[in-house]
Structures are given as C-alpha cells and as structure tokens.
A.B. asks: 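For reference, the structure I am asking about is given below.
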Amino acid sequence: MNRLFSNMGILEKALDAAWLRNEVIAHNIANADTPGYKKYKVVFEEELKSAIEASALKGKKTRPKHLDIGATSIDQVSPRIVRTGGTQMREDGNNVDMDEEMTNLAKNSIMYNALVQKIAGEFRKLKAVINEGRR
C-alpha cells in the first residue's frame, strides 16, 4: 500500500509549491509599478531534487548520538519564498519584469494543471484496483 502512494507526497508538495508560486507571481505583478519593490520567487524544485538525490545516500545510525548522514528527508522539503534583490529594471529601483512574470505565470499554470492531472491519474488507478478487486 505504501508503494501505491509513494509519489503522492511529492506530488502534493509540488502542487503546494505551484500554488504558492502563483500567489508570489500575482504579488509581483500587482507591485510592478511600486517604486523600490523587489520581486520574490519560490524555491522548491532545486531542494526537492537534491533531497531525492541525497535520499539514495543515507547513513546508518547504530547509536542515538550519531549524527544523521545524508541530506534532509523529502518530507522536510517545503517551498520557500526568496526576495530577489540586486537587480533593477527601472530608475525607481523596481526589478519586476512584466514579460518574465507573465511567462512564469503561464509556465506555472501549465505545471499546476499537469500536477493535478497526475494526481487525478493516481486516484483513477486506485479506483481501478478497488473495482477490479470486487470482481
């Protein structure tokens, strides 16, 4: 049963990250004309990728005082909001590039819809297994 839902946790976290990213992009777009505003971005995929890669290398603890070997667990990875400073698009210090934000919004919407379809597919598989078990 655990193997059946092994990817659901990752998909759920990715869906949460896509939702948060959509809110951050909308916030950036709303502040495109605010002088001095610095845009935000969501960091998630890089940390998830490193956690997945590091989960293959996990040290074995033989005593309670041993330190954990390996990176953070996938369960501990969560999306983070990071402020992007140091760049400037206009004279007033604002660094929001509307073309980039609209591109990111479209890309994120496609990702969100793909994740929803993937989760729905997982539940369809579960439903098929339950229905076939009744026969």
Side-chain angles (χ1 to χ4, degrees):
M1 192 69 168
N2 285 340
R3 290 179 51 199
L4 187 63
F5 291 108
S6 62
N7 291 336
M8 288 299 285
I10 295 172
L11 290 172
E12 182 182 347
K13 285 183 177 285
L15 197 61
D16 289 344
W19 184 266
L20 181 63
R21 183 171 290 119
N22 199 49
E23 290 179 348
V24 167
I25 292 170
H27 189 264
N28 288 341
I29 291 171
N31 287 293
D33 292 329
T34 304
Y37 177 80
K38 299 296 182 191
K39 66 181 178 182
Y40 293 90
K41 69 177 186 177
V42 174
V43 177
F44 175 69
E45 285 80 7
E46 300 86 13
E47 293 181 11
L48 179 64
K49 182 180 177 185
S50 64
I52 289 172
E53 289 172 353
S55 66
L57 293 173
K58 190 152 188 137
K60 182 178 179 182
K61 290 173 64 174
T62 56
R63 298 184 186 220
K65 290 185 178 181
H66 285 173
L67 296 173
D68 291 327
I69 299 173
T72 58
S73 167
I74 294 172
D75 295 335
Q76 296 172 339
V77 175
S78 60
R80 287 185 303 120
I81 298 174
V82 177
R83 190 170 203 177
T84 306
T87 57
Q88 185 172 331
M89 289 297 295
R90 299 188 321 225
E91 289 294 321
D92 62 2
N94 189 311
N95 68 352
V96 176
D97 181 359
M98 284 299 288
D99 292 335
E100 181 184 356
E101 296 298 323
M102 296 306 285
T103 302
N104 289 340
L105 185 63
K107 184 175 147 185
N108 192 54
S109 295
I110 292 169
M111 175 66 79
Y112 183 84
N113 289 332
L115 289 167
V116 168
Q117 288 179 358
K118 180 68 177 163
I119 289 173
E122 294 292 322
F123 281 111
R124 276 193 299 275
K125 283 191 242 176
L126 180 61
K127 183 179 177 182
V129 168
I130 291 170
N131 286 338
E132 290 298 319
R134 290 182 183 168
R135 294 183 185 182

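These numbers were taken from a predicted model, which means no experiment stands behind them. Numbers here simply count residues along the sequence, with the first being 1.
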A.B. asks: Salt bridge or not between E122 and K118? Use side-chain N to carboxylate O under 4.0 Å.
C.D. replies: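 Result for this pair is yes, salt bridge flagged.
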
A.B. asks: State yes or no: do M8 and V116 share one hydrophobic cluster built from I, L, V, M, F, W and Y residues joined by side-chain heavy-atom distances below 4.5 Å, directly or via other members?
C.D. replies: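 They do share one cluster, since a chain of ILVMFWY contacts under 4.5 Å joins M8 to V116.
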
A.B. asks: Verify whether one side chain among N28 and Y37 offers a donor that lies under 3.5 Å from an acceptor in the other.
C.D. replies: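 A pair is found: one side chain offers a donor N or O, the other an acceptor, under 3.5 Å apart.
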
A.B. asks: I'd like to know if V43 and V96 are part of one continuous hydrophobic network [Ile/Leu/Val/Met/Phe/Trp/Tyr, side-chain heavy atoms within less than 4.5 Å].
C.D. replies: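 Different hydrophobic clusters.
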
A.B. asks: Is there a side-chain contact between T84 and K38 (heavy atoms, below 4.5 Å)?
C.D. replies: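 No - every pair of side-chain heavy atoms lies 4.5 Å or more apart.
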
A.B. asks: Nearest 0.5 Å please: distance from the CD atom of E23 over to the CD1 atom of I81.
C.D. replies: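 The distance works out to 8.0 Å.
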
A.B. asks: Among N104, V42, I29, which residue satisfies the side chain to side chain contact (heavy atoms under 4.5 Å, CB included) criterion with V24?
C.D. replies: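 That would be V42.
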
A.B. asks: For K39 and N31: C-alpha separation, side-chain torsions, deciding distance, then whether side chain to side chain contact (heavy atoms under 4.5 Å, CB included) applies.
C.D. replies: CA-CA 8 Å; K39 66 181 178 182; N31 287 293; over 6 Å; no

A.B. asks: Membership question, hydrophobic clusters at under 4.5 Å side-chain separation (ILVMFWY): are I110 and L115 in the same one?
C.D. replies: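 Different clusters.
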
A.B. asks: To the nearest 0.5 Å, how far apart are OG in S78 and CG in L20?
C.D. replies: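 Answer for the OG-CG pair, S78 versus L20, is 9.5 Å.
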
A.B. asks: For the pair K13 and L48, evaluate side chain to side chain contact (heavy atoms under 4.5 Å, CB included) and give the outcome as yes or no after the intermediate values.
C.D. replies: CA-CA 9 Å; K13 285 183 177 285; L48 179 64; 5.5 Å; no

A.B. asks: For A18, does its backbone N or O pair with a side-chain atom of N22 as donor and acceptor, under 3.5 Å?
C.D. replies: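 Between the backbone of A18 and the side chain of N22 there is no qualifying donor-acceptor contact (under 3.5 Å).
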
A.B. asks: Salt-bridged, E100 to K41, with N to O below 4.0 Å?
C.D. replies: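 Salt bridge flag = no for K41 with E100.
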
A.B. asks: Go through it in stages, so that I can follow the logic: the residues are L15 and Y112, the test is side chain to side chain contact (heavy atoms under 4.5 Å, CB included), and I'd like the CA-CA distance, side-chain angles, deciding distance and then a yes or no.
C.D. replies: CA-CA 6 Å; L15 197 61; Y112 183 84; 3.4 Å; yes

A.B. asks: Would you say CD of E46 has more than 12 non-hydrogen atoms from neighbouring residues, nucleotides or ligands within 6.0 angstrom?
C.D. replies: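 Counting neighbours around CD of E46, more than 12 heavy atoms of other residues, nucleotides or ligands fall under 6.0 Å, so yes.
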
A.B. asks: To the nearest 0.5 Å, what is the distance between CE (M111) and CZ (R21)?
C.D. replies: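 Reported value, rounded in 0.5 Å steps: 7.5 Å.
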
A.B. asks: Closest heavy-atom contact between F44 and A14?
C.D. replies: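 Closest pair (atom of F44, atom of A14, distance): CE2-CA, 3.6 Å.
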
A.B. asks: Roughly how far, to the nearest 0.5 Å, is CG of N108 from OG1 of T103?
C.D. replies: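 Separation between the atoms: 12.0 Å.
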
